[in-house]
Amino acid sequence: MVNTMKSNVNKTIIEELNTSHSLPREKWHTLLSSFTEEDRIYAASLARRVADEIYGNDVYIRGIVEFSNTCNRNCYYCGLRAGNTKLERYRLSPDDIYSCCEDGYRYGFRTFVLQSGEDPYYTTEMICDLVRRLKKGYPECAVTLSIGEKSFEDYAAFKEAGADRYLLRHETANEAHYGKLHPENMSWKNRMRCLDDLKSLGYQTGCGVMIGSPEQTIDCLVDDMLYMQDFKPEMIGLGPFLPHSDTPFRDKPKGSYEMTLFLISLCRLMLPHVLLPATTALGTIRPNGREQGILAGANVIMPNLSPVRVRDKYMLYDNKICTGDTSSECRGCLERRMEAIGYKIVIARGDYNG
Ligand code: 5AD
Ligand code: SF4
Ligand code: FES
């Protein structure tokens, strides 16, 4: 009885989000602290309807080249942190990176995502040269960068060179919580400054959160939803926190699979046009996690284009999927997985269309 009443309240809140695309703090709090399995399924059905209206049964693919696992930061959650001395580090040359994208183009990728740790070896000029070369070789493709916190001038230079999009998860919109996930030399205010700069420079900008990171509370997630409601990112990356055995968070519990799916649905209802990937972390926590992500309202999949020889070295968390598979194997695998749930991978840049 009590549960049914709660569910009716939550159902009404989900419907309000679907029509007004925003909620006040108290309603976010109610929804995130008391949702039931029934609420989650209801939100997924509305979210999928919204995604179907805007994107049909198309799923966009982005090829990620994880070009360096070297990082001078020390985020407590991440396997690439500088303090992890067990990890063998690698750097791909610009020619190697370009050749991964050439393969990707042949497999039907029209967005290349260049991602790395924060690695000062790659200068602004090197990144700009690579972006220019890719945009010249593949003028119909989008280039996305995901290389961390930089200055306004650097972001402007990458944009000028032709970069279209930038991914920088905010990790948490709660400053005190940010301080529990990162060492003192990292600042939440600078992260927010970066996101504002990216947006003001005209990038399609992606932020995002790990669900269930250590010490994350419902209030933190409420702060995340309110932040995104206001910032209106073009892209949102959501995945469960997964521990990595060579980090300070090795013994912390995983994030919740159900909470991740629920938040994916709520993001779709809040920002109907948002580009929302079913992430690798979601596919790692459950064998069919990415399919369930699509069915909860996601519309993007981001497989790896990195050479197999380096794949198992880009280990953000334990047991990451696809580390033994080639780009072509992942491409075929995803085609089948999407078809099995009634969706299809399209050969397109897949820009934000809001
Ligand atoms: N579990 C889940 N996601 C992680 N990331 C880093 N480490 C982990 C982990 N242990 C995510 C962060 C980062 C992105 C590249 O990967 O959100 O921004
Ligand atoms: Fe480096 Fe990014 Fe990992 Fe932090 S999350 S340690 S910045 S690769
Ligand atoms: Fe990589 Fe299935 S997507 S093997």
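Just follow the structure's listing: the first ligand is 1, and inside any ligand the first atom is 1. Please read all numbers here as calculations on a predicted model, not as lab measurements.
Atom 5 (N) of ligand 1 has as its closest protein heavy atom Met210 SD, 3.9 Å. What sits closest to atom 7 (N) of ligand 1 on the protein, heavy atoms only, is Tyr77 CD1, 3.4 Å. The protein atom (non-hydrogen) at minimum distance from atom 4 (Fe) of ligand 2 is Cys75 SG, 2.3 Å. Of the protein's non-hydrogen atoms, the one nearest atom 2 (Fe) of ligand 2 is Cys71 SG, 4.6 Å. Residue, atom and distance of the protein heavy atom nearest to atom 16 (O) of ligand 1 are Leu316 CD1, 3.5 Å.
With a heavy-atom cut-off of 4.0 Å, Cys78 touches ligand 1 through backbone and side chain alike. Contacts with ligand 3 closer than 4.0 Å are made by no heavy atom of Arg336, backbone or side chain. With a 4.0 Å heavy-atom cut-off, ligand 1 is reached by no atom of Ser146.
Between Tyr166 and Tyr155, the ring planes are perpendicular. Angles over 60° get that label, and only those under 30° would be called parallel.
Under 2.8 Å from atom 3 (Fe) of ligand 2 lies an N/O/S atom of Cys78, whether from backbone or side chain.
Of the N or O atoms in His244, none lie within a sub-3.5 Å distance of an N or O in ligand 1. The distance criterion of under 3.5 Å between nitrogen or oxygen atoms is met by Leu242 with respect to ligand 1. Considering backbone and side-chain N/O of Arg169, one or more are found under 3.5 Å from N/O of ligand 1.
Protein N/O/S atoms found under 2.8 Å from atom 1 (Fe) of ligand 3: Cys322 SG, Cys330 SG.
Distances from ligand 1 to the non-hydrogen atoms of Pro240 include at least one value under 4.0 Å. In this structure, Arg290 has a heavy atom closer than 4.0 Å to ligand 3.
Under the 3.5 Å distance criterion, the side-chain polar atoms of Glu149 are left unmatched by any main-chain donor or acceptor of Asn190.
The residues Asp246 and Arg81 are annotated as not salt-bridged, no charged nitrogen and carboxylate oxygen being separated by less than 4.0 angstrom.
Residue Pro277 comes nearest to Gly237 through the heavy atom pair CG-CA, 4.2 Å, listed as atom of the first residue, atom of the second, then distance. Between Ala156 and Leu201, the shortest heavy-atom distance links the atoms N-CD1, 3.6 Å.
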Extract all donor-acceptor atom pairs below 3.5 Å that involve side chains of residues 252-261 and protein atoms in other chains or at least two apart in sequence.
| residue | atom | partner | partner atom | Å |
| --- | --- | --- | --- | --- |
| Ser256 | OG | Glu258 | N | 3.3 |
| Ser256 | OG | Met259 | N | 2.8 |
| Thr260 | OG1 | Ser256 | O | 2.8 |

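The residue among Glu171, Lys252, Arg250, Lys254 with a heavy atom at the shortest distance from atom 18 (O) of ligand 1 is Glu171.
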